[in-house]
Chemist: 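Encoded as structure tokens, here's the structure I'll be asking about.
Residue numbers count from 1 along this sequence.
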Amino acid sequence: MSILSNFAGTLNDLIIENNLNARTLALALGMENSTITRYLNGDRLPSIDYLVKIANYFNCSTDYLLGLEDEIRNTDFMPCPPFAERLAYLLNYYKRSSYSIYHNTDISQARYYGWKNGVGVPSVDNIVKLAKLFDCSVDFVIGRS
């Protein structure tokens, strides 16, 4: 299954388990109902900011939401630092070069350097690619754990 379909299924399950509906969740998160509906239909993935908001709301990991973990972990999650700061930390922690990032993934060099320079943040798909490259959780990549 793809990350997109995993996310849609997990979000749907969490909504049902918590006796919610798309509208109630959207109101609680300050989002449009149509956005939640697009997530549930598997039409799109949320931005990292919204993925974290949803994970915080359900007190679960982003990895669980994306179908990368099978069980909800009860963990205290930290606020995410700016991604450029986190990327510098990851490169140092894993002793990786910038070249190894765009060479070993299909992330473009221009996009990578934009993130490194604080211009934009990666999509959920690209965060998952980084987590796979570093062999760690999505939450670790974004600085939640």
Chemist: Hey, are the side chains of Tyr39 and Leu45 touching, using non-hydrogen atoms and a 4.5 Å cut-off?
Modeler: no
Chemist: Does Arg38 come within less than 4.0 Å of Asp43, counting only side-chain N to carboxylate O?
Modeler: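 The answer is no: the pair does not qualify as a salt bridge.
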Chemist: Can you confirm whether Phe77 sits close enough to Ser61 that some side-chain heavy atom of one is under 4.5 Å from a side-chain heavy atom of the other?
Modeler: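 Yes; the side chains approach each other to less than 4.5 Å.
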Chemist: Look at the side chain of Asn18 and the backbone N and O of Leu14, then say whether any donor-acceptor pair between them is shorter than 3.5 Å.
Modeler: yes
Chemist: Check whether any side-chain N or O of Asp63 sits under 3.5 Å from a backbone N or O of Asp139 as a donor-acceptor pair, and report yes or no.
Modeler: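 Checking the backbone N and O of Asp139 against the side chain of Asp63, a donor-acceptor pair under 3.5 Å is found.
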Chemist: Can a side-chain donor-acceptor contact be found between Ser5 and Ser2 if the only test is distance below 3.5 angstrom?
Modeler: yes
Chemist: Just wondering, do Ser98 and Lys116 contact through their side chains at under 4.5 Å, heavy atoms?
Modeler: yes
Chemist: Report, as yes or no, whether the 6.0 Å neighbourhood of atom CD on Glu71 holds more than 12 heavy atoms from other residues, nucleotides or ligands.
Modeler: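 Atom CD in Glu71 is not packed in, count stays at 12 or less.
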Chemist: Under 3.5 Å, is there a donor on one side chain and an acceptor on the other for Ser108 and Tyr102?
Modeler: no
Chemist: Got a second to check how far Tyr112's OH is from Asn126's CG, nearest 0.5 Å?
Modeler: 13.0 Å
Chemist: Just so I know, are the side chains of Ile101 and Phe134 near enough to count as touching, which here means a heavy-atom distance under 4.5 Å?
Modeler: yes
Chemist: Which label fits His103 and Tyr99: parallel for a plane angle under 30°, tilted from 30 to 60°, or perpendicular past 60°?
Modeler: parallel
Chemist: Is the count of non-hydrogen atoms from other residues, nucleotides or ligands lying under 6.0 Å from Arg96 atom CZ greater than 12?
Modeler: yes
Chemist: Among Leu51, Val124, Thr62, exactly one meets side chain to side chain contact (heavy atoms under 4.5 Å, CB included) together with Phe7. Which residue is that?
Modeler: Leu51
Chemist: Going hydrophobic residue to hydrophobic residue with side-chain gaps under 4.5 angstrom, can you get from Leu91 over to Tyr93?
Modeler: yes
Chemist: For the CG atom on Asp135, are there more than 12 heavy atoms of other groups (residues, nucleotides or ligands in this structure) within a distance under 6.0 Å?
Modeler: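 No, CG of Asp135 has 12 or fewer neighbouring heavy atoms, counting only those of other groups under 6.0 Å.
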Chemist: Is Leu68 close to Val138 at the side-chain level, that is, under 4.5 Å between some pair of heavy atoms?
Modeler: yes
Chemist: State, yes or no, whether a side-chain contact exists between Leu133 and Tyr94 at a heavy-atom distance under 4.5 Å.
Modeler: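 No. Closest side-chain heavy atoms not under 4.5 Å.
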Chemist: Under 3.5 Å, side chain of Asn104 to main-chain N/O of Ser100, donor-acceptor pair present?
Modeler: yes
Chemist: Quick check against the 3.5 Å criterion: does Asn117 have a side-chain atom that pairs as donor or acceptor with the backbone of Tyr113?
Modeler: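 Yes: the side chain of Asn117 pairs with the backbone of Tyr113.
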Chemist: Cut-off 3.5 Å, side chains only: do Asn21 and Thr24 have a donor facing an acceptor?
Modeler: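 Per modelled atom types, Asn21 and Thr24 side chains form a pair under 3.5 Å.
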Chemist: Backbone N or O of Met31 within a donor-acceptor pair of the Thr35 side chain at under 3.5 Å?
Modeler: no
Chemist: Determine whether Tyr57 and Tyr50 satisfy the following criterion, ring pair (Phe, Tyr, Trp, His ring centres under 6.0 Å), listing intermediate values before the conclusion.
Modeler: CA-CA 10 Å; Tyr57 182 84; Tyr50 281 122; over 10 Å; no
